[in-house]
Amino acid sequence: MKPLLFILCFSLFGTISAQTDSPVGRWKTIDDESGEARSIIEIYREGNVYFGKISEILTGNDDAICTECEGEREGKPILGMVIIEDLSVDNDEPGEWDGGKILDPQSGSDYRLSVWYEDGNGEELYVRGKHWTGLYRTQKWIRE
């Protein structure tokens, strides 16, 4: 019985640990003002960098297009759009990733991106977009 309990505890610890060594997963975004869920972002890894796309729109506007975007994203559907690009591991801080960029489809603006877990909690991802002026906004996303 004791070996089985040990194996179960070790397996559980491994699962919790694996959730904080990468931002990969499906994340529910929460509106800063209303507190309501807005979308599901799926973060995935390609090589040594991470990307994220809008996999669900929770506001019922599934056919929304990016009217404020420029370039190749202009007039494209927001659902399925890659909004996180080139995010990589922060070698100085375990459980943190930076160097990427994030698109706000409502404004069409790109921001420098950093994400992290606080206190090893793999269920909440902190996402910070920073404007070139130094202003930034941080959101807490919840693992789906």
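Sequential numbering from 1 along the given sequence is applied to the chain's residues.
The structure places CD1 of I142 at 10.5 Å from CD1 of I40, a figure rounded to the nearest 0.5 Å. Rounding to the nearest 0.5 Å gives a distance of 13.0 Å between CG of L113 and OH of Y50. Here the CD1-CG distance, from I78 to N61, works out to 7.5 Å after rounding to the nearest 0.5 Å. Annotation: the span from M81 atom CE to I41 atom CD1 amounts to 11.0 Å, rounded to 0.5 Å. Taken from CG in D31 to OG1 in T59, the straight-line distance is 10.0 Å, to the nearest 0.5 Å. Separating the CH2 atom in W27 from the OG atom in S55 is a distance of 13.0 Å, to the nearest 0.5 Å.
In this structure, D119 contributes its side chain and N121 its backbone to no donor-acceptor pair below 3.5 Å. Remark: the backbone N or O of G122 is paired with a side-chain donor or acceptor of R143 at under 3.5 angstrom. Within the 3.5 Å criterion, the main-chain N or O of S22 finds a donor-acceptor partner in the side chain of Y117. Of the possible polar contacts, one joining the T29 side chain to the S39 backbone as a donor-acceptor pair under 3.5 Å is found.
Side-chain atoms of K53 and F51, non-hydrogen and from C-beta on, never get closer than 4.5 Å to each other. Put simply, the side chain of L87 reaches to within 4.5 Å of the side chain of V115, judged on heavy atoms. By the 4.5 Å heavy-atom criterion applied to side chains, L79 and D63 are not counted as neighbours. Contact check for V127 versus T138: no side-chain heavy atoms found under the 4.5 Å cut-off. No side-chain heavy atom of K28 sits less than 4.5 Å from a side-chain heavy atom of E56. With contacts defined as side-chain heavy-atom distances shorter than 4.5 Å, the pair I65/T67 qualifies.
One hydrophobic cluster holds both I43 and I57 under the rule that ILVMFWY side chains link at heavy-atom gaps under 4.5 Å. Hydrophobic clustering places L125 together with V24 (ILVMFWY residues linked when any side-chain heavy atoms are closer than 4.5 Å, directly or through intermediates). In the hydrophobic clustering of ILVMFWY residues, with side-chain heavy atoms under 4.5 Å counting as a link, V49 and Y44 come out together.
Residue pairs satisfying the disulfide bond (SG atoms under 2.5 Å apart) criterion with at least one member in residues 21-123, sequence neighbours excluded, are listed as follows: C66-C69. Among residue pairs with one or both ends in residues 128-141, those qualifying as salt bridge (charged side-chain N to carboxylate O under 4.0 Å, His left out) are D32-R137, E124-K140; sequence neighbours excluded. Applying the disulfide bond (SG atoms under 2.5 Å apart) test to residues at least two apart or on different chains, none of the pairs has a partner in residues 98-144. Sorted by first and then second residue, the disulfide bond (SG atoms under 2.5 Å apart) pairs with a member in residues 71-144 form an empty list; sequence neighbours excluded. Among pairs with a residue in residues 83-136, none fulfils disulfide bond (SG atoms under 2.5 Å apart), at least two apart in sequence or across chains. Applying the salt bridge (charged side-chain N to carboxylate O under 4.0 Å, His left out) rule to pairs touching residues 69-82 yields R73-E85, R73-D110, sequence neighbours excluded.
N48 pairs by the side chain to side chain donor-acceptor pair (under 3.5 Å) definition with R45, not counting sequence neighbours. E42 pairs by the side chain to side chain donor-acceptor pair (under 3.5 Å) definition with nothing, not counting sequence neighbours. Evaluation of the side chain to side chain donor-acceptor pair (under 3.5 Å) rule for W141 yields Q139 as partners, not counting sequence neighbours. Listed by chain and residue number, S34 satisfy the side chain to side chain contact (heavy atoms under 4.5 Å, CB included) test with E36 (two or more places apart in sequence, or in another chain). Residues forming a side chain to side chain donor-acceptor pair (under 3.5 Å) with E118 (at least two apart in sequence, or on another chain): W116.
Nearest heavy-atom pair, L58 versus A37, reported as atom, atom and distance to 0.1 Å: CD1-CB, 3.7 Å.
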Would you tabulate the side-chain donor-acceptor contacts of residues 96-105 under 3.5 Å, counting partners in other chains and residues two or more places apart, or write 'none'?
{"from": "D104", "atom 1": "OD1", "to": "Q106", "atom 2": "N", "distance (Å)": "3.0"}
{"from": "D104", "atom 1": "OD2", "to": "S107", "atom 2": "OG", "distance (Å)": "3.4"}

